[in-house]
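Just so it is clear, the structure is predicted and the values come from calculations on it, not from any experiment. In what follows, every chain begins at residue 1, and chains take the letters A, B, ... in the order their sequences are listed.
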Amino acid sequence: MAQATTDKPAARPSDALSNETLLKWLYDMQLIRDFEARTMQAYQQAKIGGFCHIYSGQEASAVGCTAAVEHKDPIVLAYRDHGHALARGMHPAACMAEMFGKLAGCAKGKGGSMHMFDRPNYLFGGHGIVGAQTPLGTGLAFAERYKWEVLETGPKRVCLCFLGDGAIDQGAFHEAKNLASLYGIPVIYVIENNGYSMGTAIHRHTANHDRLTMRGEAYGIKSIEIDGLDIRNVYDKMKVLVDECRDLQRPGFVDLKTYRYQGHSMSDPQKYRTKEEVDEFKSQDSIANLLDYLMRDENDGGRGCITEDEWKAMQKEIKEIVMDALEFAENAADPDPETELTTDTYAYPMKNLSPSDTYSHGAKNPLL
Amino acid sequence: MTTAYTPDLSKITSEIHPAIGHWELPTFVAEHELPSRDGDRVIQFREALREAMSEEMRRDKTVFLIGEEVAEYNGAYKVSQGMLDEFGPKRIIDSPISENGFAGMCIGAAMNGLKPIVEFMSWSFSLVAADPILNNAPKMLYMSGGQWGCPIVFRGNDGAGGQLGSTHSWCVEGLYANVPGLKMAIPSNPYDAKGLLKTAIRDPDPVFFLESERMLGDKAHVPEEEYYIPFGRARKAREGDAVTLVSWGRPVHFCMDAAERLAEDGIECEVLDMRTIRPLDIDSIIESVQKTNRVVIVDQSWPFGGVSSETMAQICETCFDWLDHQPVRVNTRDVPTPYAKGLEAAYLPNADRIAEAVHKVIAATT
Ligand SMILES: Cc1ncc(C[n+]2csc(CCOP(=O)(O)OP(=O)(O)O)c2C)c(N)n1
Ligand SMILES: [Mg+2]
């Protein structure tokens, strides 16, 4: 607690973090930014199919929130999931290969852009049905509490369950919040509020849109707002909430205000917003913001831990990694329909499950 | 900073998919090696279900039961009576009326190492949970490319409970069995209910377990000793050579009634109780049809695109040449479920309609 007698500002949790940690945030955010730029290119070249949602602009959310939890704390989210996958530590090549529909992709080419799963990194999936991940996240956290309390095999954990502002209108989310509060489930619902549900601005899709925290409070859930464009701020607020939810084994609710630079998906002409609005947000870019802080001298309120040249070198390294990921994805083998179409359907395949198909186990998941 | 990506894509060799983690299957024995179905330990269907759950919960602490009224009320249909006392409120959990929410929650819990048993007061109410139970549970293993499976049991009352009207009388098997990735069991008697439910809880895939309110009070001998009934193995409920009656769940009893009546006229029906419909033991059907050359399918759900149509299709695909008459089916009538007693009786399959169908296939071929 800050003493009333000093005029020094209260210490922020992120102040205690090392320069290395903050540089890693910068690295991860830039990795996502660069990765998404290449994703768009590959999509335009028809190397990636289906629906593909770009995360650019929102990086501070995935990286900052992930930093506030432990590696074994489960994470689950919606379909705009490349950023969280990378922030959680998924190899960019596994992520890119998945979008290219390759066997070496994180879901063996069976999930695609919207369904990134990474078991070694406790990422329980991107999920394509808006809001569907909210009961799932509640259940992931339920299991963690059960392991801690009933099985007595685990420490106290917290689950981060991300959703978009559009998803808050789903009935499933209301049910999930009620269950979480009722049972005391340590799940934090992070609403990545980018102001739009596809082409529908928030004031046109949800009532009382400027007071979303009421939607958590109504269920007796600790609810906060976060300026999601400033990663230190994201971390500071999330860390406190995560610690509290972990300790008390209670849910949390976060209205994290952010912005996406690209269209809803790759096929969005963006008639519903102005270029000025996009530019306005780009002028508050979270990567530029963090870079500025890290470059600025300590006397000037910064960290002075990266120079212009070092930043260039970092960008170059990231660029190479992303290019490698692209190249890997490009050259990786397609899943063979003969051997892979029917695998992973049943954990315990048996006779006569289908009139047309016989199930068996195929290739191991590349991440396992 | 990033290391090379060198995935190992070698073939999985274990019987159970590694996504499920360490998993022990029970031992299954041949039908004739199962403990006797005759004896005087007579209990109700609901008690058989309770014994199955309790035994598995004693064995494995990761198993828990959740649903509306399962704990303090002792079960809306008294299936879980007394379980709260034994296992406590952390494992016998009363849920709010949020099928979508708690079904989805339990799928998340199943992904993350637990083995939930989700009781739907009625499968009719599972429709509001269609997204999680159809979109998540059966597809998780596939969509995650084999990283997470979903060992979960959904169970509850299916079919007409007795004048409950359209919204409460759903037979969901036709709808749900369509989805690959799930297994479905529909027991017809207490003995099978216990053995199948224990198997369902031990199975690493999502199992849809369909009971019937109308059978929960049915009594039969259920042995003291532990036994498991494997999925995909039909039970020959009656031997015969004139016609094969294929059914599952409650209508098996209608088939037995019809068979008894037909036997008085010298027509011996073979009755197959399928026990599970996904997997569907088509081999036993083929074997029987090769003997009887006639088949009538009795299904208490609607005919259009349902389990009876599927069964007929499989029969036509696999033993068409053995048939002396095209397969005939007896379903519920193709209308919403009525309330009035007489209308409901006319709507459901019954011994009269089955006997009529049998006469039809026999008359045309003898
Ligand atoms: C149940 C359901 N309805 C509709 C859709 C189509 N859809 C996909 S994303 C989306 C908008 C969701 O917006 P939001 O939750 O704010 O997330 P964002 O895309 O902004 O990250 C819609 C309507 C869907 N996937 N699932
Ligand atoms: Mg949005």
Do the side chains of B/L114 and A/F142 get nearer than 4.5 Å, heavy atoms only?
yes

Structural part of A/D357 lying under 4.5 Å from a heavy atom of chain B:
neither

Contacting moiety of A/I129, where chain B heavy atoms sit under 4.5 Å:
side chain

Quick check: closest heavy atoms across B/G145 and A/N365, and the distance to 0.1 Å?
O-ND2, 2.8 Å

Walk me through whether B/M140 and A/H127 qualify under side-chain contact (heavy atoms from CB on, under 4.5 Å).
CA-CA 10 Å; B/M140 201 58 77; A/H127 293 271; 3.8 Å; yes

A/K177 versus chain B, the contacting section by heavy-atom distance below 4.5 Å
neither

Per-residue contact mode, A/T134 against chain B (heavy atom under 4.5 angstrom)
neither

Using a 4.5 Å cut-off on heavy atoms from C-beta on, say whether the side chain of A/T339 contacts that of B/K11.
no

Under 4.5 Å heavy-atom distance to chain A, tell me which part of B/N135 shows up: side chain, backbone, both or neither.
side chain

Minimum heavy-atom distance B/N100-A/A172, with the two atoms named
ND2-CB, 3.7 Å

Heavy-atom distance under 4.5 Å between the side chains of A/Y348 and B/F231, does that happen here?
no

Side chain / backbone / both / neither for B/E310 at chain A, heavy atoms under 4.5 Å
side chain

Do you know the tightest heavy-atom contact between B/D283 and A/N352?
OD2-ND2, 3.2 Å

Quick check on A/Y359 against chain B: is it the side chain, the backbone, both or neither that has a heavy atom closer than 4.5 Å?
side chain

Pairs of heavy atoms under 4.5 Å with chain B: top-ranked of A/R119, A/K108, A/R145:
A/R119

Measure across A/P135 and B/G101 and return the closest heavy-atom pair with its distance rounded to 0.1 Å.
CB-O, 3.6 Å

Side chains of B/S144 and A/K110: closer than 4.5 Å at any heavy-atom pair?
no

Under 4.5 Å heavy-atom distance to chain B, tell me which part of A/P355 shows up: side chain, backbone, both or neither.
both

Is chain A contacted by the side chain of B/S95, its backbone, both, or neither, given a heavy-atom distance below 4.5 Å?
both

At a 4.5 Å cut-off on heavy atoms, which part of A/E144 comes close to chain B: side chain, backbone, both, or neither?
both

Can you check whether A/L182 reaches B/P96 side chain to side chain, under 4.5 Å on heavy atoms?
yes

Identify which part of A/H174 has an atom lying under 4.5 Å from any heavy atom of chain B, answering side chain, backbone, both or neither.
neither

pair A/C95-B/Y5: side-chain heavy atoms closer than 4.5 Å
no

Counting heavy atoms not belonging to A/K319, are there more than 12 under 6.0 Å from its NZ?
no

Would you call the rings of A/F117 and B/W148 parallel, tilted or perpendicular, where under 30° means parallel and over 60° means perpendicular?
tilted

B/R278 side chain near A/L353 side chain, heavy-atom distance below 4.5 Å:
yes

Expected contact set for residues 198-209 of chain B against chain A at heavy-atom separation under 4.5 Å reads B/D203, B/P204, B/D205

Whatever's closer than 4.5 Å to a heavy atom in chain A on B/D94 counts as backbone

Where does A/L179 contact chain B at under 4.5 Å (heavy atoms): side chain, backbone, both or neither?
side chain

When the 4.5 angstrom heavy-atom criterion is applied to B/Q314 and chain A, the contacting part is side chain

Contacting moiety of B/L182, where chain A heavy atoms sit under 4.5 Å:
backbone

Under 4.5 Å from a heavy atom of chain A, the part of B/T6 involved:
neither

Top contributor to chain B interface from A/A143, A/A363, A/A347, A/G111 [non-hydrogen pairs under 4.5 Å]
A/A347

Any heavy-atom pair between the side chains of A/Y146 and B/R91 that's under 4.5 Å?
yes

Give, as side chain, backbone, both or neither, the part of B/L141 having an atom under 4.5 angstrom from any heavy atom of chain A.
both

Proximal component of B/M184, with respect to chain A [non-hydrogen, under 4.5 Å]
neither

Which bit of B/P132 comes within less than 4.5 Å of chain A, counting heavy atoms only: side chain, backbone, both or neither?
neither

For a quick test of reading the model, state the closest non-hydrogen atom pair linking A/L136 to B/G104 and the distance between them.
CD2-O, 3.4 Å

Side chain / backbone / both / neither for A/L341 at chain B, heavy atoms under 4.5 Å
both

